[in-house]
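Below, chain A is the first sequence line, B the second, and so on; all start at residue 1. Note that the coordinates shown come from a computational prediction; the quantities given were computed from them, not determined experimentally.
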Amino acid sequence: MSRAISGVKGMNDLLPSEVARWHAMEETIREVVRLHGYREIRVPVIEHTPLYVRSVGEGTDIVDKEMYSFTFHDEPMTVRPEGTAGVVRAYVEHAVHTKEPVSRFYYEGPMFRGERPARGRYRQFHQAGCEVFGDPGPVVDAEMIDMIVALFARLGIKDVEVLVNSLGGKGTKAKYREKLVEYLTPEKDALSEDSKRRLSTNPLRILDSKDPRDQAAIKDAPSVLDVIDDDDRAHFDGLRRHLDKLQTPYTVEPRLVRGLDYYSRTLFEIRGRGGELGAQNTLAGGGRYDGLVEELGGPATPAIGFAAGLERLLLATELPAKKLEADVLIAPMGERAAGEALVIARELRAAGVPVVVEGRGGSLKSMLRRANSLGSAKAIVIGDGELDRGVVQLKDLAGHSQKDVPRAEIVLAVKS
RNA sequence: GUGGCCGUAGAUCAGUUGGUAGAUCACCGGAUUGUGGCUCCGGUUGUCGCGGGUUCAAGUCCCGUCGGUCACCCCA
C-alpha cells in the first residue's frame, strides 16, 4: 500500500506484542551474564570513523562497503557496525585498566550495516555481547564459550554447533597469510571471481568460501594450526582441555576465519541448525583480540569478546508472546461512573496493580470482551446502581464469579 | 552488490483462458433494555505496493521502481 512515508529498508519496527518476547530474552541474557560477573556498559552509537577503520580493518566488508558514515562539522562519523570497537575505545579513554586488573563488560543495543536485508539479517539489528579485558586466557576463553552455550540452552535453543579455531598471535597470523597466498597463487585461475580478488585483499576469507571451486582449491591448503607457534598452540590446547573438562561439545574448524581484522588466537562461532534461520545461522561469534587495546592507544592488554545477534536468537527460540496488558479492567457504565473509574484506577495503581479503564463506552458485553482479550484476571463494573449504593461489582473472570465490594475496600479486595 | 521468487482488506491467503474483487481470523454490533472466554447472526475495511505500457477492458500480460524473501556474498 502506498504511504506518504515509510520505514527505511532493512530497519524494522517492533510492535508491543513482539517487544514482550524481546524483554523475555533480554532478561534471560542479563541473568546469565550477571551470573558470570559481567556488568553492563553503555557507549554511544556514533563514533569517529577511524575507530572502525583501525579496529575492524580496511579490506573487511564491514569497513569497505557496509558502514553508515557521514560527515558532521567536517568530522567523519560512523554509526556503529559492531560493538567491540566502541567498548575498547571507552576502556582506553577512561583508563579502566588503572582501576581494576580484569574488566568484564556486557553490552546490548542496535548495530548498523548497509547489507542487503534478508531474514535474520537487517540493516539495523541488535547484538548482545561481552568483553573481558586483562585476562590472557585460555581459562576465560573456555568459560565464555561455555557461558554462551548455557545461555542458548536457557533460551531454549538446543540444536547448536560450536566451532573453534586459533588464528595464532600477531606474528603467526601474518606468517600464515603469506603462506596461504603462496599456496593459492598458482591455483588462482581455479578460484571463484570473489576469491581471486580476496587473494590480495583478504586471503584468509577464501578459507570459508562456499563456492565449490574454492573448496576444491583449499582442500589441501596449509592449515593455520600447522603454522602457529608453540605459545599459540599451548594456548589453544589449553582452551580445548577446559572445554573438554566442561563437557562443552565443540568442533575444531581450522578453516574458521572471521571477517574482522582484530582477532588473534582464539576464534569461535556458534551456529544454529533450526530451519527458521536459513543461511543466516551464525547466532554468535567472537574471539580474542589481544592487540586491539594497544592499537587504540591503551596499554598492551589481552582481551576476548563475543556478540550474539538478537534477531537470530529470537528466530531460533520459540518464546511465545504472552498477552497481558492489565490485571484489571474497569468497565464504567456512563459518564458518572467513568469519573469514578479514573479515581479507582489511580488508587489501584498506587497499590501496584496494572489497571486499564475502558473509556470508550459501549455495551457492558463489549467491555467484558475486551477484559478477556487483555488477559485481565479481574474486572470492575460500575454503573449508576453501584454508585448509589457506594459499591462496585468486582468480577473474577477466571472463576466466573462476582460480588459487590464497598467502595473503600476495593484495593484490598482486588489484591486478595 | 549479483541472480531467482513474491507483493490482493489490520493479519493469513483465494481470485479460474485479461471483463474494475472474495474467504478465514481480527475488529464492531446483536442473540433477555447491565455481564465475558464457546456458539449463532449481522456489519465495517481495500486507490489489488507504486509508476508507466499493451488492450475496448488488467489484480490477472510487459517494462521500470520500491519492499519482502531465497541463494551467493558476508556476517550477528
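Distance noted for atom C1' between A31(B) and G36(B): 15 Å (whole Å). Only the P atoms considered, C63(B) is 14 Å distant from G3(B), to the nearest whole Å. Between G4(B) and U47(B), the distance separating the two C1' atoms is 30 Å to the nearest Å. Rounded to the nearest Å, the gap between the P atom of C70(B) and that of U65(B) is 22 Å. Across G7(B) and U16(B), the matching P atoms stand 12 Å from one another, rounded to whole Å. A14(B) and A9(B) have their P atoms separated by 12 Å, given to the nearest Å. Going from the C1' atom of U20(B) to that of U69(B) covers 30 Å, rounded to whole Å. When the P atom is used for both G43(B) and C56(B), the distance is 39 Å, rounded to whole Å.
Crowding of E40(A) atom CD: a count of heavy atoms from other residues, nucleotides or ligands under 6.0 Å exceeding 12.
Between N372(A) and Y122(A), the residue anchored closer to the 5' end of RNA chain B is N372(A), taking for each the nucleotide with the nearest heavy atom. Of the residues near RNA chain B, A118(A) and T282(A), the one whose nearest nucleotide (by heavy atom distance) lies more toward the 5' end is A118(A).
In this structure, E31(A) pairs ionically with R34(A), as a charged nitrogen and a carboxylate oxygen lie closer than 4.0 Å.
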